[in-house]
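Everything below concerns the one structure shown next.
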Amino acid sequence: MTKRFTTNFFTQLLALVVAILLVHTMYETLIRPKANAILEERKEAIENEVEGYEIKRSVYVTLKDYEQEICFILMFWAFAIMITKGISVRGQHRLTKQELVKIVEGTSVLPEDARVYMRSIQSLPQKAQDSLLPRAAMTALQRFESTQEIQHASEAVRTVCEGEADRLDSELAMIRYISWAIPSIGFIGTVRGIGGALGLAHEVFQQGTITGVTENLGIAFNSTLVALVISIVIMFFVHQLQRYQEEMVIDIESWCDDNLLRHLQVR
């Protein structure tokens with residue numbers, strides 16, 4: 001368990017560093033230069049009172065602020081974590097397609113035979129043995145050998161599967177935190193933008209210009225818009241991943257019932 005925690009921690013940390021580098025590079029080389037050029041063009045057109053000039057909404061201007069950058073970093077970090085977990089779940093699910101415990105149809109497995117079938121599981125690589133299906137099958141055979149009760153073996157499978165389901169659900173805590181943090185960061189941008197607009201309200205009365213006020217209000221509304229959209233997207237994929245994990249646990253429990261438990265028999 002300690003090794004798994006350490007591996008997950010460093011994997012998530014590496015994913016965060018990569019997300020920061022990719023998003024920040026994109027912002028510094030493309031998004032902010034484009035946004036600044038568009039804003040400068042607008043400013044010149046307004047100052048020169050260009051006839052027929054129409055201010056069009058720009059994606060670059062919508063995304064240019066620091067709150068949006070942080071939201072995208074968190075989004076790509078969440079996607080990296082979800083992809084990693086999805087690959088892990090898929091690998092565990094593939095084990096149900098293999099003959100992990102080779103029991104010929106019509107064969108009855110007695111308590112004294114359990115150790116023979118354990119050997120095929122013990123011959124797997126250590127990484128495969130740590131997966132849910134081998135652990136559930138091994139626990140069931142060990143419980144059946146020691147108690148000589150089919151009911152105890154069935155309960156062992158159920159206990160292992162329920163524990164794995166709880167563990168998988170708890171590992172989604174970081175993604176849920178990210179999906180909560182993103183709208184919060186958007187609201188920080190809202191507060192920053194409204195505060196900046198109020199701080200420049202005197203320009204409206206003294207100079208008759210509303211440029212500074214509108215720019216700060218743009219920060220407020222754009223940060224909220226981007227954060228909410230990203231949060232909606234992340235939550236959709238979180239629920240899909242959770243459903244995939246639950247299906248994997250259910251399929252493995254069904255595999256144990258169909259391919260192992262129904263062959264168990266006591267004298």
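Note that the numbering runs from 1 along the sequence shown for the chain. Bear in mind that the values here come from a model prediction, so they are computed numbers and not experimental data.
Clustering ILVMFWY residues whenever any of their side-chain heavy atoms sit less than 4.5 angstrom apart, transitively, puts Ile234 in a cluster other than the one holding Val18. Ile232 and Val229 sit in two unconnected hydrophobic clusters of ILVMFWY residues. Membership requires side-chain heavy atoms under 4.5 Å apart, directly or through other members. In the hydrophobic clustering of ILVMFWY residues, with side-chain heavy atoms under 4.5 Å counting as a link, Leu260 and Val266 come out together. At a threshold of 4.5 Å between side-chain heavy atoms, the hydrophobic network of Ile, Leu, Val, Met, Phe, Trp and Tyr places Ile185 and Phe72 in one connected group.
More than 12 non-hydrogen atoms from other residues, nucleotides or ligands lie less than 6.0 angstrom from OH of Tyr244.
Atom NE2 of residue His152 and atom OG1 of residue Thr139 lie 15.0 Å apart, to the nearest 0.5 angstrom. Atoms CD1 and CD1, from Ile178 and Ile230 in turn, are 12.0 Å apart once rounded to the nearest 0.5 Å.
For Val157 against Glu253, the heavy-atom pair with the smallest separation is CG1-CG, 4.3 Å. Residues Leu228 and Pro183 share a closest heavy-atom pair of CD2-CB, 4.3 Å.
Arg243 and Gln240 form a side-chain donor-acceptor contact under 3.5 Å, judged by distance and modelled atom types alone. For the residue pair Glu40 and Asn36, no side-chain donor N or O sits within less than 3.5 Å of a side-chain acceptor on the partner.
Side-chain atoms of Asp169 never come within 3.5 Å of backbone atoms of Ala165 as a donor-acceptor pair (strictly under, hydrogens ignored). The backbone N or O of His93 sits less than 3.5 Å from a side-chain atom of Thr96, completing a donor-acceptor pair. For the pair Ser88 (side chain) and Thr84 (backbone), a donor-acceptor distance under 3.5 Å is absent.
Met26 is not listed as a side-chain neighbour of Glu69, based on a closest heavy-atom distance of 4.5 Å or more. Residues Gln242 and Lys85 form no side-chain contact, since every pair of their non-hydrogen atoms from C-beta on lies 4.5 Å or further apart. Between Met118 and Val101, the closest side-chain pair of non-hydrogen atoms is not below 4.5 Å. Annotation: side chain of Gln142 is not in contact with side chain of Arg115 (no heavy-atom distance under 4.5 Å). Using a 4.5 Å heavy-atom cutoff, the side chains of Arg135 and Gln129 are not in contact. Within the 4.5 Å cutoff, no side-chain heavy atoms of Arg176 are placed close to those of Met235. A 4.5 Å side-chain heavy-atom check between Glu145 and Leu141 finds every atom pair outside the cut-off. With a 4.5 Å cut-off on side-chain heavy atoms, Val109 and Gln265 do not count as touching.
Looking at Glu67 and Arg192, a side-chain N of the basic residue comes within less than 4.0 Å of a carboxylate O on the acidic one, giving a salt bridge. Look at Lys97 and Asp251 and you find no salt bridge, because none of the NZ, NE, NH1 or NH2 atoms lies under 4.0 Å from a carboxylate O. The pair Arg143-Glu155 fails the salt-bridge criterion, with no side-chain N (NZ, NE, NH1 or NH2) lying under 4.0 Å from an Asp/Glu carboxylate O.
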Salt bridge (charged side-chain N to carboxylate O under 4.0 Å, His left out) between Glu171 and Arg167, worked out: CA-CA 6 Å; Glu171 288 184 351; Arg167 185 186 68 82; 2.4 Å; yes

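Relative orientation of the Phe76 and Phe79 rings is perpendicular, given thresholds of 30° and 60° on the angle between their planes.
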